[in-house]
Amino acid sequence: MGQLFTDLQAVRLDVEANAVIILDQTSLPGEKVYLSLSTKEAVWDAIHRLKVRGAPAIGITAAYGIYVCCKSLRARKFDDFYKGFVEIRDYFESSRPTAVNLSAALERMERCVLRNRELPVSRIKRQMLREALAIRDEDAASCHRIGVYALSLLRPGMGILTHCNAGHLAVSEYGTALAPVYLGQQQGYNFKVYADETRPLLQGARLTAYELRYAGVDITLICDNMASVVMRKGWVQAVIVGCDRIAMNGDTANKVGTSGLAIMARHYGIPFYVLGPTSTIDRRCPDGNAIVIEERGSEEVTDMWYARRMAPDDVKVYNPAFDVTPANLITAIVTERGIARAPYNETFERWFGEEEKD
Ligand code: MRU
């Protein structure tokens, strides 16, 4: 795992160069291209075009990005500096709407700025650096804990189906949905993983298959419409997915196609687990109806990246990037604080109470 973690870093901060360095995930698996982002437009574009993607990685990029951009602000008075901060915050927030980690990270950076408002601007910037690095480190620690809890739900030799990419490339180190896979790999669990290719942007084929192979995990790639086949054959004992936003009742937004998998898993009697940090739970969201679902361009459906156009010109296209899985189809939600089962509200409220005391 060590090699995977050091060879492929989705996001890092180059303090000396004052830039966010990302691995351009639109170039994978063909090429490993690192991009250096030092303007707000470059950060926005990288998030919007999925050069960096996955809910936690987007949050970390936004935190690093707002630090980098605010460091270049010339303002000396707090009010001027804060005005610049708010402008960048609003701009970043407009890059992608569904993953709550983006706004959660920006809100945390804002609390840091406001908490330190009495300090000279140069010292506020230093505090922002510490906060951004803390967001990344806490994320990595959370992923490991999520993996430990999730592994307790699994048995050696199981077949695991996953969707999209909620692994190392989407977060830091262990990832969320793939954390128990990596921990299991270290402990000889010999899981057999099935990765949905995840149309339209193929995060499963391009990223999950890539990173799991890199780590030597037994991985089989399937098209999205084959999930029912492998379930029916008895090859899958658990479905494990990540999440972009969890409502207080447990309804969960994740990459489009996730809710269909949950319906199939219920049909075949297979447990369906959602894995993610508590920062993905949105206290302001009572249920899935309140989650804004990103809609993306039609060309993602009509044109393949590596081939000719596959649909008639001007065909009407519907391309929601995420969907909401209702809480009643979710067996358990696993976070760094533990394993929640329905009714989710009660456990989430308790976790938030504990968080406030920490
Ligand atoms: O559009 P993407 O690639 O950002 O979608 C990513 C997902 O849906 C992931 O499952 C989710 O963000 C969790 S990542 C740990």
Side-chain angles (χ1 to χ4, degrees), residues 10-11 22-26 28 46-62 95-105 136 138-140 142-147 150 161-182 195-212 224 239-246 252-262 272-282 291-297 300-301 305 319-325 330 333-336:
V11 198
I22 61 157
L23 174 59
D24 180 358
Q25 298 193 27
T26 58
L28 290 174
I47 295 174
H48 183 70
R49 292 174 52 182
L50 274 59
K51 291 177 180 175
V52 58
R53 30 67 50 205
I58 295 174
I60 294 166
T61 305
S95 58
R96 291 194 79 187
T98 304
V100 72
N101 309 59
L102 176 76
S103 49
R136 186 262 165 214
E138 287 168 25
D139 228 70
S142 290
C143 287
H144 187 266
R145 289 177 66 86
I146 289 168
L161 177 67
T162 191
H163 191 66
C164 195
N165 174 264
H168 172 69
L169 290 166
V171 206
S172 351
E173 303 185 0
Y174 287 86
T176 55
L178 298 189
V181 172
Y182 288 131
D196 276 353
E197 63 170 351
T198 317
R199 277 281 284 148
L201 292 182
L202 302 176
Q203 289 91 331
R206 294 186 303 102
L207 309 174
T208 299
Y210 178 69
E211 66 166 84
L212 288 179
D224 299 330
V239 177
I240 300 186
V241 295
C243 44
D244 284 82
R245 195 181 292 245
I246 303 176
T252 296
N254 189 49
K255 178 53 56 194
V256 69
T258 303
S259 64
L261 279 184
F272 182 92
Y273 299 118
V274 170
L275 273 55
T278 46
S279 56
T280 309
I281 304 170
D282 186 353
I291 301 177
V292 177
I293 298 293
E294 175 181 14
E295 276 190 48
R296 298 184 59 86
E300 291 181 355
V301 175
W305 290 5
N319 182 17
F322 299 93
D323 65 18
V324 174
T325 301
I330 298 172
I333 296 178
V334 184
T335 74
E336 78 283 7

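When a ligand or atom number is given, it counts from 1 through the structure's own listing order.
Taking all heavy atoms of G276, C243, G54, A177 into account, the minimum distance to atom 13 (C) of ligand 1 is reached by C243. Proximity annotation for atom 4 (O) of ligand 1: of Q203, R96, K255, R96 comes nearest, heavy atoms only.
Between the side chains of T280 and D244, not a single donor N or O lies within less than 3.5 Å of an accepting N or O. When only modelled atom types and interatomic distance are considered, T26 and D24 share a side-chain donor-acceptor pair under 3.5 Å. Counted by atom type alone, Y182 and E211 present one or more donor-acceptor pairs between their side chains at under 3.5 Å. Side chains of R206 and N165: no donor on one and acceptor on the other come within 3.5 Å.
Listed by number with element, the atoms of ligand 1 under 4.0 Å from a non-hydrogen atom of V171 are 15 (C). Set against the non-hydrogen atoms of N254, the atoms of ligand 1 under 4.0 Å away are 7 (C), 8 (O), 9 (C), 10 (O), 11 (C). Each of the atoms 14 (S), 15 (C) of ligand 1 lies under 4.0 Å from some heavy atom of A170.
Not a single heavy atom of A321 sits less than 4.0 Å from an atom of ligand 1. Using a 4.0 Å cutoff on heavy atoms, N165 counts as a contact of ligand 1.
Summary of contacts: the protein heavy atom closest to atom 12 (O) of ligand 1 is A55 N, 2.8 Å. In terms of protein heavy-atom proximity, atom 15 (C) of ligand 1 is nearest to T176 OG1, 3.1 Å. Distance from atom 11 (C) of ligand 1 to its nearest protein heavy atom, with residue and atom name: D244 OD1, 3.1 Å.
Between V241 and A177, the shortest heavy-atom contact is C-CB, 3.6 Å.
A salt bridge links R245 and D282; the closest N-O separation between the charged side-chain nitrogens and carboxylate oxygens is under 4.0 Å. Remark: R145 does not engage E138 in a salt bridge, criterion side-chain N to carboxylate O under 4.0 Å.
Considering backbone and side-chain atoms alike, C164 places every N or O at 3.5 Å or more from each N or O of ligand 1. Among the atoms of H163, none of the N or O lies under 3.5 angstrom from an N or O of ligand 1.
For the side-chain contact (heavy atoms from CB on, under 4.5 Å) with L50, the lone residue among E300, Q25, Q203 that qualifies is Q203.
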